Number of protein chains: 2
Amino acid sequence: MEKIVEKFKALSDETRLRIINLFIKSRRNLCVCELMDALQLPQYAISKALNILKNSELFTTEKEGTWVYYHLTKDNPVNKSLFNFLKNYLGSEIFLQDETRLEARLLLRENDKCVVGIIPESDLLKMIKQKTEA
Amino acid sequence: MEKIVEKFKALSDETRLRIINLFIKSRRNLCVCELMDALQLPQYAISKALNILKNSELFTTEKEGTWVYYHLTKDNPVNKSLFNFLKNYLGSEIFLQDETRLEARLLLRENDKCVVGIIPESDLLKMIKQKTEA
DNA sequence: TCTTTGTATGCAAAAAATGGCATATAAGTT
DNA sequence: AACTTATATGCCATTTTTTGCATACAAAGA
């Protein structure tokens with residue numbers, strides 16, 4: 001199984017593990033701009049990381065207009081087994097912070113869809129305040 | 001857990017997976033020279049691969065004279081979980097061939113210890129024949 | 001059709017990993 | 001003490017991966 005080597009390669013990078021962690025914990029489909037806020041990384045970094053994860057067949061995508069929703073590919077036993085392993089062992093500080101930021105960002109969804117896109121200068125909190133006051 | 005990234009890095013190489021596979025399947029401690037015959041790779045390649053596996057805390061060693069016996073580090077839950085995963089998903093041809101060659105090589109042990117060292121030109125079969133005739 | 005916006009990607013420099021050889025180390029043997 | 005042998009490691013060339021920037025592409029809206 002050459003594929004297993006590829007999967008391990010995809011998993012051997014902190015950014016990519018942080019991304020996987022968010023999908024495992026949130027159990028949702030997420031788009032690039034939401035991950036940008038959660039991980040606080042530039043757009044190209046997220047896109048490239050996702051591309052590697054997709055090539056190793058750990059992720060699948062669905063396009064909706066300009067948005068692209070990514071999600072874990074759970075329909076094969078190797079992946080299921082891997083995700084189950086990761087669920088238990090990704091617990092350090094940085095992962096928890098990502099989860100908190102993602103949670104905030106997801107408050108901006110409408111009908112469970114991303115509608116705000118890339119937030120300039122990351123004034124996420126301001127936008128959330130606006131939304132909750134409305 | 002930075003350590004998880006290191007472990008995945010260690011696992012993302014075919015030679016190293018082949019080595020791990022042999023330890024999982026044979027359930028034994030093995031030395032470098034035995035792995036050379038099983039994988040048919042030069043001594044430095046085995047040594048270097050084992051060194052990486054040891055640094056990622058997947059392997060432990062015990063020295064006995066000039067021989068060094070390696071074995072899986074099973075005393076922590078992350079490793080246990082990983083090895084359990086690998087046990088189920090390392091199944092392709094090359095792994096089976098390694099297992100067969102290791103089995104042959106282990107026929108040369110005495111009192112469950114390696115005694116022959118590095119076999120020149122790999123006349124393993126000749127040596128086994130000698131031994132079984134004696 | 002022009003603009004905007006979310007996402008992808010080509011390119012080049014930097015960094016890291018790999019492969020092969022030669023040699024070092026350490027323990028046993030004579 | 002010299003020699004042998006199992007294993008480790010330093011070095012160098014090559015390849016692969018990463019990082020950052022700029023730009024391309026695709027879909028929606030004006």
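Note that the structure is a prediction, hence the values are computed from the model and not measured. What's counted below: heavy atoms across the whole structure, side chains too, no hydrogens, waters or symmetry copies. In the text below, chain A, chain B and the rest are named by the order of the sequence lines, each starting its count at 1.
Taking every side-chain heavy atom of B:Tyr44 into account, C:dG19 is the closest of C:dT7, C:dG19, C:dA17. Counting only heavy atoms from C-beta on, B:Thr66 has its side chain closest to C:dA27 among C:dG6, C:dA8, C:dA27.
As judged by a 4.0 angstrom heavy-atom cut-off over every strand, B:Val115 is placed among residues making no nucleic acid contact. Heavy atoms of A:Cys114 sit nowhere under 4.0 angstrom from any nucleic acid atom. Residue contacts for A:Tyr69: at a heavy-atom cut-off of 4.0 Å it reaches no nucleic acid atom on any strand shown. Nucleic acid contact class of A:Lys48 (heavy atoms, under 4.0 Å, all strands): base.
Taking a cutoff of 4.0 Å between a charged side-chain nitrogen and a carboxylate oxygen, A:Asp75 and A:Lys80 do not qualify as a salt bridge. Ion pairing between B:Lys25 and B:Asp98 fails under the 4.0 Å rule for side-chain N and carboxylate O. Taking a cutoff of 4.0 Å between a charged side-chain nitrogen and a carboxylate oxygen, A:Glu99 and A:Arg18 do not qualify as a salt bridge.
For the pair A:Leu41 CG and C:dT7 P, the computed distance is 15 Å after rounding to whole Å. Taking atom CD1 of residue A:Ile46 and atom P of nucleotide C:dT7, one finds them 11 Å apart after rounding to whole Å. The nearest whole Å value for the distance from the CE atom in A:Met36 to the P atom in C:dA8 is 12 Å. Atom-to-atom, CD1 of B:Ile118 to P of C:dA27 comes out at 17 Å; the value is rounded to the nearest Å. Rounded to a whole Å, the CD atom of A:Glu14 is 16 Å from the C1' atom of C:dA16. B:Asn51 places its CG atom 16 Å from the P atom of C:dT25, with the value rounded to the nearest Å. For B:Asp13 and C:dA17, the CG to C1' distance is 10 Å, given to the nearest whole Å.
Using a 4.5 Å heavy-atom threshold, the side chains of B:Pro77 and A:Tyr89 count as touching. Looking at B:Leu72 and B:Leu58, their side chains never come closer than 4.5 Å, going by heavy atoms from C-beta outward. In this structure the side chain of B:Leu11 never reaches within 4.5 angstrom of the side chain of A:Leu11, judged on heavy atoms. Between B:Ser81 and A:Asn88, every side-chain heavy-atom pair lies at or beyond the 4.5 Å cut-off.
For the pair A:Lys3 and A:Phe8, the cation-pi test (distance below 6.0 Å, angle within 45°) is failed.
Within a heavy-atom distance below 4.0 Å of DNA chain C, no residue of residues 20-29 of chain A is found. Of the residues in residues 57-65 of chain A, those lying under 4.0 Å from DNA chain D by heavy-atom distance are A:Lys63, A:Gly65.
Both B:Lys9 and A:Gln43 lie close to DNA chain C; mapped to their nearest nucleotides by heavy-atom distance, the more 5′-ward contact belongs to A:Gln43.
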**Message:** side-chain hydrogen bond (donor to acceptor under 3.5 Å, both in side chains) for A:Thr61 and A:Lys54? Distances and angles first, verdict last.
**Reply:** CA-CA 8 Å; A:Thr61 58; A:Lys54 196 177 171 187; 3.1 Å; yes
**Prompt:** Stepwise, does the ring-ring contact (aromatic ring centres under 6.0 Å, His included) test hold for A:Phe59 with A:Phe23?
**Reply:** CA-CA 10 Å; A:Phe59 275 77; A:Phe23 282 89; 4.8 Å; yes
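A close approach under 4.0 Å does occur between a side-chain nitrogen or oxygen of B:Arg16 and OP1 or OP2 of C:dT18.
Each of B:Lys7, B:Lys74, B:Glu57 was checked for a side chain to side chain donor-acceptor pair (under 3.5 Å) with B:Asn79, and the lone residue meeting it is B:Lys7.
Between the side chains of B:Lys87 and B:Asn21, no donor-acceptor pair of N or O atoms lies under 3.5 Å.
Mapping heavy-atom proximity under 4.0 Å, the span of DNA chain D touched by chain A runs 5' to 3' from D:dT17 to D:dA28.
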